[in-house]
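Right, one structure below, let's go through it.
Start at 1 and go down the list; that is how both ligands and their atoms are numbered.
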Amino acid sequence: MRLILLGPPGAGKGTQAQRLVSKHGIVQLSTGDMLRAAVKAGSPVGLRAKAIMERGELVPDEVVVAIIADRIGQADAKSGFVLDGFPRTGPQAEALDKLLAERGLQLDAVIELKVDEGILLKRIETRVAETAARGETVRADDKPEVLKGRLDTYRTQTAPLIDYYGKKGTLKSVDGMAPIDEVTAALDRILSPAGAGSPKGGG
Ligand code: AMP
């Protein structure tokens, strides 16, 4: 199974991706996690990405495309993957199409987690407060000023992908503001063989 989860920061992509990993035996490919690991390791990619990420801007397309091209070729990704945080721009989506076509692979679904931005900001503020209260380090890019910029970036650069995948007919949407278990159940319905493409309703 090969999936993309689309949605702004704080929409719950990471949480749902982890659940999909356990349920379907696929791997989670989060470019954000991979870039944070690169920054921590001080690798050339990390050195290039660090300041950009701290400003809440996007790392250049060719950097993330190279990371994903390498990652989906690895053995553990053969049984499938859920992309979380990639693609984030039109050129990244086109590069992904090309990468998949070259390998004879197809996406099973692109799933948008629909959210209300006002509530989202509150949600991330809560996440930050809880992280700080546990004595853990708060992500530098979760600071309110940076977060607003990340949401703007999502709106201008990533949200157009909803239309891109909508036109291809691979897009499904779920209510990302619903409780976590309900979002998971909605994803299950989309991904279960009987649910794929069938009309809504009937419990
Ligand atoms: P995330 O954890 O997905 O919110 O990503 C954290 C940060 O990593 C983003 O704000 C970007 O700076 C960078 N990043 C992650 N994925 C991408 C991507 N696909 N394209 C460009 N930058 C990315």
- Message: Going by side-chain contact (heavy atoms from CB on, under 4.5 Å), Q16 matches just one of T184, V174, V82, D84. Which one?
- Response: T184
- Below 4.0 angstrom, N of the basic side chain to O of the carboxylate: do D163 and K167 qualify? yes
Considering only distance and modelled atom types, tabulate donor-acceptor pairs under 3.5 Å from the side chains of residues 31-38, sequence neighbours left out.
residue, atom, partner, partner atom, Å
T31, OG1, G85, O, 3.0
D33, OD1, R36, NH2, 2.8

- Report yes or no: does K114 contribute a side-chain atom to a donor-acceptor pair with the main-chain N or O of S173 at less than 3.5 Å? no
Could you list, one pair per line, each nitrogen or oxygen of ligand 1 together with any protein nitrogen or oxygen closer than 3.5 Å, giving atom names and the distance rounded to 0.1 Å?
residue, atom, partner, partner atom, Å
ligand 1, 2 (O), R36, NH1, 2.9
ligand 1, 2 (O), R36, NH2, 3.0
ligand 1, 2 (O), R139, NH2, 3.3
ligand 1, 3 (O), R88, NH1, 3.0
ligand 1, 3 (O), R88, NH2, 3.1
ligand 1, 4 (O), R88, NH2, 3.2
ligand 1, 4 (O), R139, NH2, 3.3
ligand 1, 4 (O), R150, NH2, 3.1
ligand 1, 5 (O), R88, NH2, 3.4
ligand 1, 12 (O), E57, O, 2.5
ligand 1, 16 (N), T31, OG1, 2.8
ligand 1, 16 (N), G85, O, 3.4
ligand 1, 16 (N), R88, NH1, 3.0
ligand 1, 19 (N), G85, O, 2.9
ligand 1, 19 (N), Q92, OE1, 3.0
ligand 1, 20 (N), Q92, NE2, 2.9
ligand 1, 22 (N), V59, N, 3.1

- Task: List for me each residue that meets side-chain hydrogen bond (donor to acceptor under 3.5 Å, both in side chains) alongside D141, sequence neighbours excluded, and say none if there are none.
- Result: R139
- With sequence neighbours left out, the residues meeting salt bridge (charged side-chain N to carboxylate O under 4.0 Å, His left out) with D181 are R19
